[in-house]
> 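So that we are looking at the same thing, I have put the structure below in structure tokens.
What you see is a predicted model; the values in this text were computed from it and never measured.
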Amino acid sequence: MDDSALIQKFCQNGDRDAARELLERYERPLFNYLWQMLRHTQDSEDALQECFGKVLRALPRYREENHFKSWLYRIAHNEGLNTIRRRKRFVVDPDPTELAEDPLTSSPIDAPNEIDGQERAELLQNAVGQLPDHEREVILLRLQADLPFKEIARITDSPIGTVLARMHNAKKRLKKILSPELAMES
């Protein structure tokens with residue numbers, strides 16, 4: 001069943017199972033997005049719960065057909081920003097136990113080439129973590145959430161040209177950060 005049908009079942013019939021199915025589809029990707037934004041597991045879980053609460057309360061008033069994913073990411077984005085504001089713009093660097101819980105690197109690995117792939121993923125993740133907030137959010141929304149630039153502009157409340165420029169600058173910055181690391185692997 002697609003998102004629109006689940007939304008309709010929840011709003012018209014009060015079907016809680018439909019709401020649960022709808023939110024479960026986005027739970028992992030939203031958590032990953034929030035974790036990359038906040039770099040703290042508990043804050044990410046709290047922000048996700050707040051996000052889902054706001055979504056459930058607002059869902060009966062939701063009217064944007066075929067834009068549910070971007071609407072949901074906008075709410076998560078704003079909740080992440082609220083968490084950062086509550087920290088007084090102090091972003092907690094993850095401690096070693098937080099890194100072990102990273103949702104992007106916590107899958108089991110066996111083969112040596114998979115380890116190499118995990119190391120590369122960690123390098124990329126660490127490089128993305130070094131980007132300025134406004135560039136990091138564009139990268140995450142584009143690559144993790146697979147959203148088009150038009151939707152990213154709507155979520156971040158930025159002009160499309162600004163979003164494209166941030167993506168361009170982020171790619172250049174990532175290339176500069178990763179060049180020495182990748183050269184060492186060769």
> What distance do Leu174 atom CG and Leu124 atom CG have between them, rounded to the nearest 0.5 Å?
6.5 Å
> Check this for me, if you would: do Arg20 and Glu27 make a salt bridge, where the nitrogen-to-carboxylate-oxygen distance has to be below 4.0 angstrom?
no
> Checking side chain to side chain contact (heavy atoms under 4.5 Å, CB included) against Thr156, which of Leu141, Leu81, Thr162 comes through?
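Exactly one pass, corresponding to Leu141.
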> Is a donor on one side and an acceptor on the other found under 3.5 Å between the side chain of Lys69 and the backbone of Asp3?
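Answer holds: no.
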> To the nearest 0.5 Å, what is the distance between CG on Leu131 and CD1 on Ile139?
6.5 Å
> With rounding to the nearest 0.5 angstrom, report the NE2 to CD distance, His77 to Glu137.
4.0 Å
> Does Tyr26 reach the side chain of Leu48, with side-chain heavy atoms less than 4.5 Å apart?
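The answer is no; the side chains never approach within 4.5 Å.
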> Could you grab the distance from atom CZ of Arg74 to atom CD of Glu151, nearest 0.5 Å is fine?
11.0 Å
> Might you point out which heavy atoms bring Arg136 and Val128 nearest each other, and give the distance in Å?
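Looks like CD-O, 3.4 Å.
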> Could you measure the distance from the CG atom of Leu34 to the CG atom of Leu30? Nearest 0.5 Å is fine.
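Here the rounded value is 6.5 Å.
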> At what distance, to the nearest 0.5 angstrom, does OH of Tyr33 lie from CG of Leu143?
12.5 Å
> Should Glu50 and Lys54 count as an ion pair when the cut-off is N to O under 4.0 Å?
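Salt bridge: no.
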> Looking at every heavy atom in both Leu147 and Arg142, which two are closest together, and how far apart are they?
O-NH1, 3.1 Å
> Are the side chains of Leu22 and Phe10 in contact, using a 4.5 Å heavy-atom criterion?
no
> Students often mix this up, so state it plainly: with edges at 30° and 60°, are the rings of Phe68 and Tyr62 parallel, tilted or perpendicular?
perpendicular
> Checking Arg166 against Ser158: is there a side-chain donor and acceptor pair closer than 3.5 Å?
yes
> For the residue pair Gln42 and Asp46, confirm or rule out a side-chain donor-acceptor distance under 3.5 Å.
yes
